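The structure appears below as structure tokens.
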Amino acid sequence: MTSPAVPTPDHRFLRALRREPVDMTPIWIMRQAGRYLPEYRATRARAGSFLALAQTPELACEVTLQPLARFALDAAILFSDILTIPDAMGLGLHFVDGEGPKLRHPLRSAADIEKLGVPDPETDLRYVMDAVRLIRRELHERAPLIGFSGSPWTLACYMIEGEGSSSFSRAKALALDDPMLMHRLLDTIAQSVASYLAAQAAAGAQALMVFDTWGGLLAPAQFREFSLRHLAAIVTKLKADPATRDVPLILFSKGANGHLEALADTGCNALGVDWTIAIGDARARVGDRVALQGNLDPAVLAASPDAIRAEARAVLDGFGAHPGHVFNLGHGITPDIDPTNVAVLVDAVHEFSRTRGLLARS
């Protein structure tokens with residue numbers, strides 16, 4: 001088992017997001033607090049439900065910190081759910097075992113959309129802000145804390161469909177049939193996301209991330225119109241605010257590798273990259289405009305330790321001797337993974353990047 005990382009005044013994770021030199025490549029893992037950890041499963045059982053776990057600040061803090069007690073991770077990420085905003089808008093988030101999240105009151109008409117308001121983070125989502133404050137205090141600066149939100153398009157997909165889907169055809173149909181109405185919905189969500197992220201930063205989050213999980217389902221023109229446009233609006237709003245302009249912002253649009261240049265042009269600090277593109281190719285396309293985060297195939301963690309180490313080295317080599325790399329998976333860790341393999345990955349990333357001097361020059 002690896003030991004927690006030694007705290008530093010200026011964490012390597014934040015330096016990497018600013019594309020500054022670091023002593024070794026920082027690593028954190030999407031869904032690092034989750035079902036692959038037995039201690040998470042025990043806390044989840046004690047909470048009684050996923051929602052009770054996420055909505056109880058003390059328990060959300062507990063599970064946020066669990067992976068950092070096991071592994072030398074370079075960042076913590078708030079334990080929460082991307083559907084907190086729709087829930088705060090009154091859509092009734094709940095979870096069905098084996099089926100995932102569902103909304104009791106999906107959007108089915110223009111009237112449903114028109115009556116939506118922007119939630120107040122410190123009242124409607126107070127439990128999230130309390131969790132951020134508690135986690136930040138309990139971290140004692142040993143690692144920075146990442147706050148996050150779902151993207152406008154991704155949240156709209158769930159809000160219209162009412163549950164997960166392989167195609168989100170209802171959302172796509174609304175975008176095609178009534179683009180003005182869809183933009184009104186997306187505008188409201190974008191305002192909500194910007195406000196929510198700003199509140200997380202005010203509560204103590206030291207970096208922010210937007211998960212555009214379903215952006216890759218859109219055709220190119222539709223992606224630019226219904227996802228990218230509203231991601232850019234969020235970036236613009238946060239970067240114009242003196243309170244958040246210096247808080248690093250990561251955009252992760254899964255399956256949208258054809259739009260990396262446009263995503264980089266939004267003014268964000270970093271892009272998450274999924275595993276379906278070589279990270280060296282991604283870097284060649286965005287140059288020095290942004291840092292990159294990623295992008296090991298999550299399935300690699302089911303392989304042998306030797307294979308994990310080899311694949312970690314390949315990602316590091318692919319990015320090359322440049323600043324601005326945060327190592328991560330290309331999507332979230334899956335529940336079947338042996339925690340021992342996560343330790344192998346974390347140690348390999350630190351070992352190879354430190355001993356091979358990959359980070360010394362731009």
Side-chain angles (χ1 to χ4, degrees), residues 13-14 16-20 25-30 75 82 146 148-155 157 175 186 190 193 197 207-239 247-298 300 311-312 314-332 358-359 362:
F13 168 70
L14 299 176
L17 291 179
R18 298 194 299 263
R19 301 188 64 259
E20 297 172 357
T25 300
I27 175 173
W28 70 278
I29 295 172
M30 286 183 276
I82 64 169
I146 306 166
F148 73 91
S149 174
S151 72
W153 169 254
T154 292
L155 297 184
C157 283
L186 292 169
V193 169
L197 290 174
L208 301 169
M209 184 163 174
V210 180
F211 287 89
D212 187 32
T213 309
W214 301 120
L217 294 179
L218 289 166
Q222 293 166 354
F223 178 86
R224 292 189 295 272
E225 181 71 9
F226 298 108
S227 182
L228 179 65
R229 168 175 164 177
H230 297 278
L231 290 171
I234 292 167
V235 177
T236 298
K237 187 172 182 61
L238 291 175
K239 293 304 180 182
V247 179
L249 178 61
I250 308 162
L251 301 183
F252 175 54
S253 193
K254 183 176 179 288
N257 294 324
H259 303 280
L260 292 179
E261 296 90 344
L263 286 162
D265 286 341
T266 61
C268 65
N269 300 91
L271 295 180
V273 184
D274 69 33
W275 72 95
T276 62
I277 183 174
I279 199 161
D281 293 344
R283 188 190 176 278
R285 287 170 53 187
V286 301
D288 61 1
R289 282 176 286 172
V290 292
L292 290 180
Q293 179 176 276
N295 65 335
L296 188 73
D297 182 348
V300 169
E311 292 299 311
V315 172
L316 290 167
D317 287 350
F319 189 85
H322 311 282
H325 183 205
V326 173
F327 199 104
N328 208 312
L329 304 181
H331 199 235
L358 293 176
L359 312 164
S362 61

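Start at 1 with the first residue, then count along the sequence. All values reported here derive from a predicted model rather than from experimental measurement.
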Between Ser149 and Val210, is there a donor-acceptor pair closer than 3.5 Å when you use the side chain of the first and the backbone of the second?
-> no
Out of Leu208, Leu17, Asn269, Leu292, which residue meets the side-chain contact (heavy atoms from CB on, under 4.5 Å) rule with Ile250?
-> Leu17
Given Leu228, Leu231, Leu218, the one that forms side-chain contact (heavy atoms from CB on, under 4.5 Å) with Trp153 = Leu218
Between Ile279 and Val315, what is the shortest heavy-atom contact and its length?
-> CG2-O, 3.6 Å
Taken in chain and number order and not counting sequence neighbours, the residues that satisfy ring pair (Phe, Tyr, Trp, His ring centres under 6.0 Å) with Phe226 are His183
Side-chain heavy atoms of Leu249 within contact of Val235, under 4.5 Å | yes
Residues, nucleotides or ligands: over 12 heavy atoms within 6.0 Å of Lys239 NZ | yes
Evaluate the ring planes of His322 and Phe319, with Trp represented by its six-membered ring, and classify them as parallel (under 30°), tilted (30 to 60°) or perpendicular (over 60°).
-> perpendicular
Output, in order, the C-alpha distance, side-chain angles, deciding distance and verdict of side chain to side chain contact (heavy atoms under 4.5 Å, CB included) for Asn257 and Asp281.
-> CA-CA 10 Å; Asn257 294 324; Asp281 293 344; over 6 Å; no
Quick one: are Leu14 and Arg18 in side-chain contact, heavy atoms under 4.5 Å?
-> yes
Minimum heavy-atom distance Ile146-Ala75, with the two atoms named | CD1-CB, 3.8 Å
CG of Leu260 to CG of Asp265, rounded to nearest 0.5 Å, is 11.0 Å
Please round to the nearest 0.5 Å and tell me the distance separating atom CZ of Arg283 and atom CD1 of Ile277.
-> 13.5 Å
Side chains of Phe223 and Leu263 in contact at under 4.5 Å (non-hydrogen atoms) | yes
Shortest non-hydrogen contact from Gly330 to Met30?
-> C-CE, 4.0 Å
Taking the side chain as every heavy atom from C-beta outward, state whether Phe252 and Met209 have any atom pair closer than 4.5 Å.
-> yes
Any side-chain heavy atom of His331 within less than 4.5 Å of one from Asp274?
-> no
Inter-residue atom distance Ser227.OG - Leu186.CG, 0.5 Å rounding | 8.5 Å
Nearest heavy-atom pair of Pro298 and Trp275: which atoms, and what distance?
-> CD-CE3, 3.7 Å
Closest approach of Ala270 to Val290 (non-hydrogen atoms, all atoms of both residues) = CA-CB, 4.1 Å
Here the gap from His325 atom NE2 to Leu316 atom CG, rounded to the nearest 0.5 Å, amounts to 6.5 Å
Between Ala207 and Phe13, the two heavy atoms sitting closest are CB-CE2, 3.8 Å
For the residue pair Ser151 and Leu251, establish whether any side-chain heavy-atom pair is separated by less than 4.5 Å.
-> no
Between Phe211 and Phe148, how do the two ring planes meet: parallel, tilted or perpendicular, split at 30° and 60°?
-> perpendicular
Distance, nearest 0.5 Å, that separates CH2 of Trp28 from CG of Asn328 = 5.0 Å
When rounded to the nearest 0.5 angstrom, what distance separates OG1 in Thr266 from CZ in Arg289?
-> 10.0 Å
